[in-house]
Amino acid sequence: MLEVSDLHVSYGSSQVLFGLSLVVHPGEVVVLLGRNGAGKTTTLKSIMGLLEFKVGSVRFRGQELKGLPSHLICRRGLGYVPEDARIFKGLSVRENLEVARRAPRDLQSAAWDEARVFQLFPVLEELLARRADSLSGGQQRMLAIARALMGNSDLMLLDEPSEGLAPLVVAQMLDKLLALKSSGKTVLLSEQNLNFSLRLADRAYLIDKGEIKYESTTEDLRNNEQIRKEYLML
Ligand code: ATP
């Protein structure tokens with residue numbers, strides 16, 4: 001579904017990604033796992049057209065996305081949930097969901113609408129009239145995911161969904177994302193949290209200093225202590 005090849009990305013004269021490649025197949029949950037500053041956000045932003053890159057290619061369903069503005073990349077079927085949960089803070093929860101609504105491209109597939117979103121996140125139904133900025137950090141993150149679902153994307157990019165959340169909320173987030181995975185959603189997420197990733201993802205790419213150092217099933221990563229120590233210090 002997604003094929004990133006030989007991606008080189010710089011901020012001005014400072015190069016951050018050095019020939020990064022990864023693939024995501026339909027129905028998979030794939031994690032890009034790495035420490036602070038490894039290049040995870042840069043990778044996701046490059047895929048979404050939020051950062052320009054001169055070298056490399058990003059193909060989605062066989063079509064090149066390089067050079068497309070990010071709103072057109074969204075229309076091709078990619079959804080993005082940034083780390084800082086970019087929701088409309090001055091709008092209510094209901095309004096946030098309404099403005100994100102988009103019909104699925106493939107009319108055969110079961111669309112995400114409010115009713116389906118509330119099955120996954122019942123708390124959002126209780127908070128419908130509340131302004132988004134009055135929600136807790138965890139609720140705002142869930143609203144951001146719900147907004148991405150309302151957009152009926154084929155592939156969701158999730159930047160560090162567990163980051164900055166209290167342990168109890170991280171556990172709730174894991175349950176929600178596992179439910180999403182059972183529904184067949186294809187997800188590429190970035191994470192620093194190894195346990196969260198091991199429980200959620202099918203496959204993992206370990207990123208360090210802008211390069212993929214190791215690629216395996218999460219099962220193999222669980223059993224590979226040396227790799228975990230080398231690149232994640234865990
Ligand atoms: P984090 O968990 O901290 O977000 P990350 O793995 O997502 O880490 P990136 O945010 O992609 O890492 O950052 C990769 C490198 O690029 C870091 O060294 C960071 O300092 C640098 N960087 C990120 N954004 C910019 C920017 N706008 N200008 C210059 N350098 C940047």
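All values derive from a computational prediction rather than experimental measurement. Just follow the structure's listing: the first ligand is 1, and inside any ligand the first atom is 1. Heavy atoms only: backbone and side chains are in, while hydrogens, waters and symmetry mates are out.
- Not counting sequence neighbours, R75 has no partner by the salt bridge (Lys or Arg N to Asp or Glu O under 4.0 Å) test.
- Under the 4.0 Å distance rule, the nearest protein heavy atom to atom 19 (C) of ligand 1 falls outside the cut-off.
- For atom 12 (O) of ligand 1, the nearest protein heavy atom lies under 4.0 Å away.
- Here V16 has side-chain heavy atoms under 4.0 Å from ligand 1, and that is the only part of it that gets that close.
- Ligand 1 places these atoms under 4.0 Å from at least one heavy atom of T42: 9 (P), 11 (O), 13 (O), 14 (C).
- Checking side-chain atoms of R59 against main-chain N and O of G62 turns up a donor-acceptor pair under 3.5 Å.
- D6 and S21 are not linked by any side-chain donor-acceptor pair at a separation below 3.5 angstrom, with hydrogens and angles left out of the test.
- Within the structure, ligand 1 has E160 among the residues with a heavy atom less than 4.0 angstrom away.
- Using a 4.0 Å cutoff on heavy atoms, Q192 counts as a contact of ligand 1.
- By the criterion of a heavy-atom distance under 4.0 Å, the side chain of E83, and not its backbone, is placed next to ligand 1.
- Among K40, E191, K209, the residue whose heavy atom sits closest to atom 6 (O) of ligand 1 is K40.
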### Message
Quick one, V187 with V24, criterion side-chain contact (heavy atoms from CB on, under 4.5 Å). Give me CA distance, side-chain angles, the key distance, then yes/no.
### Response
CA-CA 8 Å; V187 179; V24 180; over 6 Å; no
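- Looking at E230 and K213, no side-chain N of the basic residue comes within less than 4.0 Å of a carboxylate O on the acidic one, giving no salt bridge.
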Which donor-acceptor pairs under 3.5 Å do the side chains of residues 199-208 make with protein atoms, sequence neighbours left out?
{"residue": "D202", "atom": "OD1", "partner": "K181", "partner atom": "NZ", "Å": "3.1"}
{"residue": "D202", "atom": "OD2", "partner": "V29", "partner atom": "N", "Å": "2.8"}
{"residue": "R203", "atom": "NE", "partner": "E28", "partner atom": "OE2", "Å": "2.7"}
{"residue": "R203", "atom": "NH1", "partner": "Y205", "partner atom": "OH", "Å": "3.1"}
{"residue": "R203", "atom": "NH2", "partner": "V23", "partner atom": "O", "Å": "2.8"}
{"residue": "R203", "atom": "NH2", "partner": "E28", "partner atom": "OE1", "Å": "2.9"}
{"residue": "Y205", "atom": "OH", "partner": "V23", "partner atom": "N", "Å": "3.0"}
{"residue": "Y205", "atom": "OH", "partner": "V23", "partner atom": "O", "Å": "3.4"}
{"residue": "D208", "atom": "OD1", "partner": "R35", "partner atom": "NH2", "Å": "3.1"}

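- Using a 4.0 Å cutoff on heavy atoms, G39 counts as a contact of ligand 1.
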